[in-house]
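So the structure is just underneath, and the comments pick up after that.
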Amino acid sequence: MCATGVAILLSACGLHRVAPEVTIGSPEVSAAAERIAQSSARTPDVAWERLAELAQGIGPRIAGSAALDDAIAWAAQRMRGDGLDDVRVEPVDVPHWVRGEEHARIIRPVDRTLALLALGGSEGTHGALRAPIVAFDSFDELKSSTARLDRTIAFVNHRMPPFDDEHDDPGYRVGIQARLHAASEAAKRGALAVVVRSVTAVTSPLPHAGALAYDDGVPKIPAAAISTEDADALAELARRGPVEIELSLGAQTLPDVPSANVVGELRGRERPDEIVLLGAHIDTWDVGQGASDDGAGCVAVMEALRLLHDAGLAPRRTIRAVLFTSEEYLAAGAKAYRERHGTEHHVAAFETDYGMAAPDAIGVGNEETARSLASMLAIFERFAIRRFRPHAFGADVQPIVETGVPGFDLEPDGHHYFDIHHTAADTLEKVRPEDLRRNAAAIALLAYLLAER
């Protein structure tokens, strides 16, 4: 590997300030990409078979479940089989919220069952709750309302905007606001419970799961998401006149339980104490198989290290894969990782948690880095990466990024990610084997470059 070649990448990330003398597209870098590609071609089905084992064989893996324990043990076993260094499970205590039995229906003016999922962390109803609804067309309308909601159930029909192609924005940050905060806003006004529209821009019969965030000092009321189809129907009925619904949520929060982050490494040949972190989360919600969120991300990170090991590419710095536990609810794994490893010398922190559709972009943190890496695109194009985007985010690596470590992420085509996000439709067949294979190879190449000088 040419030392000055990777200097462009490292200087753009604030890791190395010496001006490079050659471009990143040097023969050494291209040779590394070729070896990764050859390794992938020799064993093209490994990643896909592993995703099938995780998604179909183990299935949904909510924090606190036996399935999550099985997935953690499975991942550690596969990493050891790949010959990774210092494979281990690092204990983490995680929250244990359980859904229980749940149902909802309209009882006036019509009798109609509603497809719903209690929001993660929600209180239960302690039996069936019947009450009239007060409808709000958006979360902002609820926040600005001065009306009392005593003895009613608030219905917040807050819509996630469609994908914004001009800004590559799926609309999630806007769409998630009611799911996160409507319960506390409704509780401040005396509501008995809250029902929100699922966070997706498509019309679907499936409800979407996801966590809420109760405000401190505000009563915790039951909260659930209903499908967008049912939200449309409920809104139309409310427009015409009074509507009463029945809501029953068996949700409860149990004491924390032991879990673990899964860690495996390729030990650096010269600077083993300097770490390139590759992250994904191994937990899911309790619906669907968690194939896209984030089973494929876990498998891609594992595959990246396997490809490098198989290709004989020994990195200068340590490349560490971490499969975080309990990302979906309260990010316990991420917090524990920072507590345990926050003083170690991380030189980069990468995460993949945006599905595994067709390769598109790698997030590199900022405009300066994106410009500096422009000459690298020719290398990454063989894995169908077509651009570097000037931002990056990952919930699990964020605590490390906040210490000043440069952040990176994988950004596949996101047009349809939130169609199935946190639903029963997040299943294996939504991921294409070729997309998984190419994205994993791109992660391997990025990790190797970050680890070299």
Side-chain angles (χ1 to χ4, degrees), residues 49-82 87-103 117-124 206-212 224 249-264 279-302 321-337 340 353 395-396 420-431:
E49 290 171 355
R50 289 183 175 181
L51 182 57
E53 291 173 359
L54 179 60
Q56 289 188 329
I58 298 176
R61 310 171 290 281
I62 192 170
S65 67
L68 179 57
D69 294 341
D70 291 344
I72 289 166
W74 167 86
Q77 180 184 33
R78 290 289 176 264
M79 286 184 179
R80 292 187 183 101
D82 290 339
V87 176
R88 59 203 186 268
V89 293
E90 297 185 342
V92 181
D93 286 338
V94 300
H96 190 194
W97 177 84
V98 294
R99 181 176 305 283
E101 296 293 325
E102 58 189 14
H103 73 265
L117 290 169
L119 297 182
S122 173
E123 295 291 308
L206 295 177
H208 291 233
L212 53 68
L249 304 181
Q252 58 180 318
T253 299
L254 303 176
D256 290 356
V257 297
S259 186
N261 293 331
V262 188
V263 183
H281 69 85
I282 196 164
D283 67 305
T284 69
W285 287 109
D286 53 340
V287 293
Q289 298 172 348
S292 292
D293 182 22
D294 189 24
C298 290
V299 169
V301 165
M302 295 165 64
V322 180
L323 309 185
F324 292 91
T325 190
S326 192
E327 184 271 351
E328 294 290 6
Y329 187 45
L330 300 182
K335 296 171 185 175
Y337 181 86
R340 186 175 282 117
D353 185 17
D396 284 309
I420 63 169
H421 183 246
H422 295 177
T423 74
D426 182 1
T427 51
L428 178 67
E429 66 274 9
K430 306 302 191 307
V431 180

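Everything quoted here is computed from the prediction, not taken from an experiment. Heads up: numbering here begins at 1 and tracks the sequence.
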_Tell me whether Asp426 contacts the main-chain N or O of Asp293 through its side chain, where contact means a donor paired with an acceptor under 3.5 Å._
yes

_Residue of the set Val322, Ile282, Val262 for which side-chain contact (heavy atoms from CB on, under 4.5 Å) holds with Cys298_ = Ile282

*Could you tell me whether a side-chain N or O of Gln56 sits under 3.5 Å from a main-chain N or O of Leu428, the two making a donor and an acceptor?*
no

*asked:* Can you tell me how far apart NE2 (His422) and CG (Asp286) are? Round to the nearest 0.5 Å.
replied: 11.0 Å

*At their closest point, which heavy atom of Ile58 faces which heavy atom of Ala71, and how far apart are they?*
CD1-CA, 3.6 Å

*Which atoms form the tightest heavy-atom contact between Trp74 and Val299, and what is the distance?*
CH2-CG2, 4.3 Å

*Begin with the C-alpha distance, continue with both residues' side-chain angles, and end with the deciding distance and a verdict on side chain to side chain contact (heavy atoms under 4.5 Å, CB included) for Val92 and Ser326.*
CA-CA 9 Å; Val92 181; Ser326 192; over 6 Å; no

*asked:* Using only atom types and a distance under 3.5 Å, with no angle test, would you say the side chain of Trp97 pairs donor to acceptor with the backbone of Ser122?
replied: yes

*asked:* Donor-acceptor pair, distance only, cut-off 3.5 Å: does the side chain of His208 make one with the backbone of His421?
replied: yes

*Which heavy-atom pair separates Leu51 from Ala291 by the least distance, and what is that distance?*
CD1-O, 4.0 Å

*asked:* Tell me if a side-chain donor or acceptor on Arg61 pairs with a main-chain N or O of Asp70 at a distance below 3.5 Å.
replied: no

*Considering all heavy atoms, the nearest His281-Asp294 contact*: N-OD2, 3.0 Å

*Where do Ala334 and Asp396 come nearest, in terms of heavy atoms and distance?*
CB-O, 3.3 Å

*Check: Met79 and Leu323 side chains under 4.5 Å, non-hydrogen atoms*: yes

*Which class fits the ring pair Tyr337 and Phe324: parallel under 30°, tilted 30 to 60°, perpendicular over 60°?*
perpendicular

*Begin with the C-alpha distance, continue with both residues' side-chain angles, and end with the deciding distance and a verdict on side chain to side chain contact (heavy atoms under 4.5 Å, CB included) for Tyr329 and Val94.*
CA-CA 9 Å; Tyr329 187 45; Val94 300; over 6 Å; no

*asked:* Given 3.5 Å as the limit, does a donor-acceptor pair link the side chain of Asp283 with the main chain of Glu328, or not?
replied: yes

*Can you name the closest pair of heavy atoms from Thr427 and Gln289 and give their distance?*
CA-OE1, 3.4 Å

*How far does OG of Ser259 sit from CG of Asp69, to the nearest 0.5 angstrom?*
6.0 Å

_Between CD on residue Glu327 and OG1 on residue Thr284, distance to nearest 0.5 Å_ = 10.5 Å

*For Asn261 and Gly333, indicate whether the former's side chain and the latter's backbone hold a donor-acceptor pair under 3.5 Å.*
yes

*In Å and rounded to the nearest 0.5 Å, what is the CD to CD distance from Glu123 to Gln252?*
10.0 Å

*Can you tell me how far the CD atom of Glu90 sits from the CZ atom of Arg340, to the nearest 0.5 Å?*
4.5 Å

*Using a cut-off of 6.0 Å, state whether more than 12 heavy atoms not belonging to Glu101 lie near its atom CD.*
no

*Measuring from Glu49:CD to Leu54:CG, what's the distance to the nearest 0.5 Å?*
14.0 Å

